2 protein chains.
Amino acid sequence: MVTEGKVCECKDCIVRSLIFEHVSSEELGTFCNTKREQFFKKGQIVVKQGDPIADFVYVKEGLVKLYNEAGQGREQIISIARPYDFISLLTVFSETHYHYSVSAIEDTTVCIINLERIKELVCENGSFALDLLERMSRTADKLIKNYNDINLKNLRGRIAYILLNFADKIYLRNRFDLPVSRKEIAELIGMTTENVIRILSEFRKEGIIRINGKEIEILDKAKLEFLSQHA
Amino acid sequence: MVTEGKVCECKDCIVRSLIFEHVSSEELGTFCNTKREQFFKKGQIVVKQGDPIADFVYVKEGLVKLYNEAGQGREQIISIARPYDFISLLTVFSETHYHYSVSAIEDTTVCIINLERIKELVCENGSFALDLLERMSRTADKLIKNYNDINLKNLRGRIAYILLNFADKIYLRNRFDLPVSRKEIAELIGMTTENVIRILSEFRKEGIIRINGKEIEILDKAKLEFLSQHA
DNA sequence: AGGTTGCTATGATATTTATCATGTTATGAT
DNA sequence: ATCATAACATGATAAATATCATAGCAACCT
């Protein structure tokens, strides 16, 4: 984990207020002295699988992917995280080394807090502890639901699902640039690269989407929703 | 959730000491007054998806399955939980209704604590809060790893994997009675019932296992381990 | 004890998905 | 601007998995 970075200009950081709404001004001041921001360009590694865990990290701005390097150069993408999502939440309290890697898929700024500080705050502030339990609970639940949803779908359903996810959850519009390659989409939803390309081409031929390189425009959202639900 | 049950005879409950090792005798006394045990016969439902969440539940003795009723009468089994595993951990802090059902797959005793009491303890006792974060973190991490492992395997690898899981993690021996049907195995590892039956038959013909109805004996563990890793 | 339902088992066939090969285009480095 | 590499795209074929059908056995209910 890169340890340099300037101290957070806290008054501009809306992420902080969402996370630490139960923290008093005094406690907040303490954090401001130690919290750091780090900027990563698209493609850079934020957290490396196997590195010792020292920090609590969350996304302030940008987009990252969480992935598992499964051996033989293979990757499995676990999720794509955006602002307000925690990155390392699921392992930092139970392991000494990161189980996943995190890298930026768009230019990204993360906030970094020493994990010991977080643990101290958990011990001192019950409301904060409960809030953290809630966020961890929600993150885990979402992942499980996602895994189960994906596993029930055929290949067309999966592509429909992920396109709708980009449109409705990440970019909030029907026209966007994919932040990842076809290969990475395959790693995220458990297909091969060629099949991702084929299904996207089918959707283009069927007039469901328009493709211009990385740029995707959804033309028939109702059809995508149908495919996502009934596949 | 069934609400009747006799008060816990705490001195016999080794589960309690594992979970609440940071709790003082005074706090423990408070819990003893409110914690309840409930017995469920194989097949009975412990927690029903959609029911409002009021309790914190864990397995004292026996075996349960966590499952998602996915519509059209279909189930997806998320995991099998045994003593010391939490059952409802992943949703109780972030939702108002259970996202999963839980039912006993062997005769099972669970301990039940009112969730508000747990939340109060989280607020009062920082060490307990940290311990709970660690357990939740570990549970979630295990599930994610399991999903990712399973998704990389073909059908023979999945059957090998689940048989080894029963042998090494649940029954701690190479000969055991399956606690679930072939259909439920299919729901756990994402296959069809017929394929589970076929692969088990293949393993029997290849001399890898011996099958006697629900009773399974592993004859060639090295082969199973190989199949689990290279499929 | 008998009947009903669910589970197990096997065979045949259909469908889905992966793999391999080849060519084109885009991107990044020099 | 050029070259090399990676990504995208398409076609053909193989492999894996699901589906459908049928029969026998086990478990549960009356």
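For clarity, every value in this text was computed on a predicted model and none was experimentally measured.
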Separation of [X] atom [atom1] from [N] atom [atom2], in whole Å?
| X | N | atom1 | atom2 | value |
| --- | --- | --- | --- | --- |
| B/E187 | C/dG6 | CD | P | 14 Å |
| A/E202 | D/dT10 | CD | C1' | 12 Å |
| A/I185 | D/dA7 | CD1 | P | 13 Å |
| B/K214 | C/dA9 | NZ | C1' | 14 Å |
| A/R182 | C/dT25 | CZ | P | 15 Å |
| A/I216 | D/dA7 | CD1 | C1' | 14 Å |
| A/E215 | C/dT25 | CD | P | 19 Å |
| A/I189 | C/dT17 | CD1 | C1' | 13 Å |

For residues 188-199 of chain B, tabulate all N or O donor-acceptor pairs below 3.5 Å that involve a side-chain atom, not counting sequence neighbours.
unit_1: B/T192; atom_1: OG1; unit_2: B/N195; atom_2: ND2; d: 3.2

Review point. Looking at side-chain heavy atoms only, is the closest gap between A/I211 and A/I209 below 4.5 Å?
Key: yes
Practice item. Give me the bend of the helix from C/dA1-D/dT30 to C/dT30-D/dA1, using the axes of the five pairs at each end, rounded to 10°. Key: 60°
Residues forming a side chain to side chain contact (heavy atoms under 4.5 Å, CB included) with [X], sequence neighbours excluded:
| X | result |
| --- | --- |
| B/S101 | B/K48, B/Q49, B/Y67, B/E69 |
| B/T109 | B/E37, B/F39, B/K60, B/E61 |
| B/A140 | A/L90, A/A140, B/L90 |
| B/Q44 | B/F40, B/K41 |

Review point. According to the ring pair (Phe, Tyr, Trp, His ring centres under 6.0 Å) rule, which pairs have a member within residues 138-163 of chain A, sequence neighbours left out?
Key: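 Every pair satisfying ring pair (Phe, Tyr, Trp, His ring centres under 6.0 Å) with a residue in residues 138-163 of chain A: A/Y147-B/Y147.
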Point to revise | A/S201 vs D/dT10: side-chain N/O to OP1/OP2 distance below 4.0 Å | key: yes
Would you please name every residue forming a side chain to side chain donor-acceptor pair (under 3.5 Å) with [X], sequence neighbours left out?
| X | answer |
| --- | --- |
| A/D168 | A/K221 |
| A/S94 | B/S137 |
| A/R182 | none |

Practice item. For each nucleotide in nucleotides 15-29 of chain D, reading 5' to 3', give B when a protein heavy atom comes within less than 4.0 Å of its base, S when such contact involves only the sugar-phosphate, and - otherwise. Key: --SBBB---------
Review point. In residues 204-212 of chain A, which ones come under 4.0 Å of DNA chain D, going by heavy atoms?
Key: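 Correct list: A/R204.
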Point to revise | Donor-acceptor pair between B/H97 and B/D51 side chains, under 3.5 angstrom | key: no
